[in-house]
Amino acid sequence: IRYLGRAVAQSPFKQTIDKAVMQWMRYRLSHKLPELPLPDEDDFLKGIEMLEKNLDRIHAKTLAEGMMLGKIEGRLEGRLEGESTLLERLLTKRFGALTDEVRGRLRTATSAQLEAWAERILDAQILADVFNEH
């Protein structure tokens with residue numbers, strides 16, 4: 001649609017094309033929504049230009065918000081992965097080699113779980129004490 005809009009904007013027949021499109025749109029709208037009051041062609045064109053600008057602004061804002069959310073999610077994932085890796089190292093040092101099941105629990109744990117387990121390392125006599133929800 002943008003390509004078509006640019007092509008029409010650069011055409012020497014822009015006014016003729018705009019007028020034909022506006023007449024077609026008014027015709028279609030008047031048949032689909034007969035109770036809808038329609039503006040004249042000039043106001044209609046101004047409304048479309050304003051809508052285009054607003055859509056561009058909304059698109060840019062949405063894109064920026066998406067990038068920001070992606071960065072935040074990436075940071076959180078990185079922090080969680082770091083916490084999990086550190087806890088895995090501490091558990092291995094304290095209790096020896098870990099099973100695949102324990103490593104899996106560490107990789108899928110929430111930040112709150114990792115924090116609780118890390119605190120329990122200090123008092124745990126055996127590995128099971130770390131994960132025990134007493």
Side-chain angles (χ1 to χ4, degrees):
I1 290 174
R2 285 181 193 268
Y3 173 78
L4 180 61
R6 279 191 291 258
V8 169
Q10 295 170 357
S11 170
F13 305 104
K14 179 187 177 334
Q15 288 181 335
T16 305
I17 295 169
D18 284 348
K19 187 172 182 162
V21 169
M22 290 305 110
Q23 286 174 345
W24 176 81
M25 288 179 72
R26 286 174 60 80
Y27 172 80
R28 293 291 295 164
L29 286 171
S30 68
H31 283 78
K32 292 284 184 184
L33 301 167
E35 67 283 351
L36 181 70
L38 297 173
D40 65 20
E41 288 177 22
D42 288 338
D43 290 339
F44 208 68
L45 281 173
K46 288 176 190 170
I48 289 174
E49 288 173 10
M50 186 171 66
L51 178 61
E52 234 176 44
K53 288 177 186 175
N54 285 335
L55 288 175
D56 287 343
R57 197 174 314 123
I58 291 168
H59 177 70
K61 181 180 177 187
T62 303
L63 185 61
E65 288 173 355
M67 289 174 62
M68 187 171 35
L69 283 174
K71 286 180 183 180
I72 291 169
E73 287 175 4
R75 285 187 198 129
L76 290 174
E77 269 183 37
R79 192 178 100 213
L80 195 58
E81 187 177 322
E83 289 175 357
S84 174
T85 300
L86 177 59
L87 186 54
E88 183 176 345
R89 288 176 57 209
L90 293 172
L91 288 170
T92 301
K93 185 162 180 77
R94 177 92 192 269
F95 300 107
L98 303 177
T99 64
D100 289 340
E101 180 188 341
V102 170
R103 282 195 295 278
R105 282 187 79 179
L106 292 172
R107 280 192 298 273
T108 59
T110 65
S111 184
Q113 286 174 313
L114 292 171
E115 285 179 31
W117 296 339
E119 288 177 8
R120 291 184 197 143
I121 286 177
L122 300 174
D123 300 320
Q125 298 300 312
I126 59 172
L127 181 60
D129 292 343
V130 173
F131 297 101
N132 195 358
E133 303 286 332
H134 16 259

message: Starting from L76 and following side-chain heavy-atom contacts under 4.5 Å between hydrophobic residues (I, L, V, M, F, W, Y), which residues can be reached?
response: M68, I72
- line: Residue set satisfying side-chain contact (heavy atoms from CB on, under 4.5 Å) with T108, at least two apart, ordered chain then number -> none
message: Within the structure provided, determine whether L69 and K71 are in side-chain contact (heavy-atom separation under 4.5 Å).
response: no
query: At what distance, to the nearest 0.5 angstrom, does NZ of K61 lie from CZ of R57?
result: 10.5 Å
statement: Those residues at least two apart in sequence (or on a different chain) that pass side chain to side chain donor-acceptor pair (under 3.5 Å) with S111 are R79, E83
- prompt: Is the CD atom of Q15 crowded by more than 12 outside heavy atoms at less than 6.0 Å?
  reply: no
field: Results of side-chain contact (heavy atoms from CB on, under 4.5 Å) for T62 - residues two or more places apart only
entry: I58
task: Only counting residues at least two apart or in another chain, list the ones meeting side-chain contact (heavy atoms from CB on, under 4.5 Å) with V8.
output: L4, K14, I17, D18
- prompt: Crowded around R89 CZ? As in, over 12 foreign heavy atoms under 6.0 Å?
  reply: no
query: Between the main-chain N or O of E81 and the side-chain N or O of T85, is there a donor-acceptor pair closer than 3.5 Å?
result: yes
Residue among L106, T92, V130 satisfying side chain to side chain contact (heavy atoms under 4.5 Å, CB included) with L87: L106
Atom pair CG (L91) and CZ (F131), whose distance is rounded to the nearest 0.5 Å: 5.5 Å
- prompt: Distance from K32 atom NZ to Y27 atom OH, nearest 0.5 Å?
  reply: 10.5 Å
- request: Hey, could you give me the CD/NZ distance between E88 and K93, rounded to the nearest 0.5 Å?
  value: 14.5 Å
message: Quick check for you: to the nearest 0.5 Å, what is the distance between W24 atom CH2 and L29 atom CG?
response: 8.5 Å
query: Taking only residues two or more places apart in sequence or in another chain, which ones pass salt bridge (Lys or Arg N to Asp or Glu O under 4.0 Å) with R103?
result: D100
task: Please round to the nearest 0.5 Å and tell me the distance separating atom CZ of R107 and atom CG of L114.
output: 12.0 Å
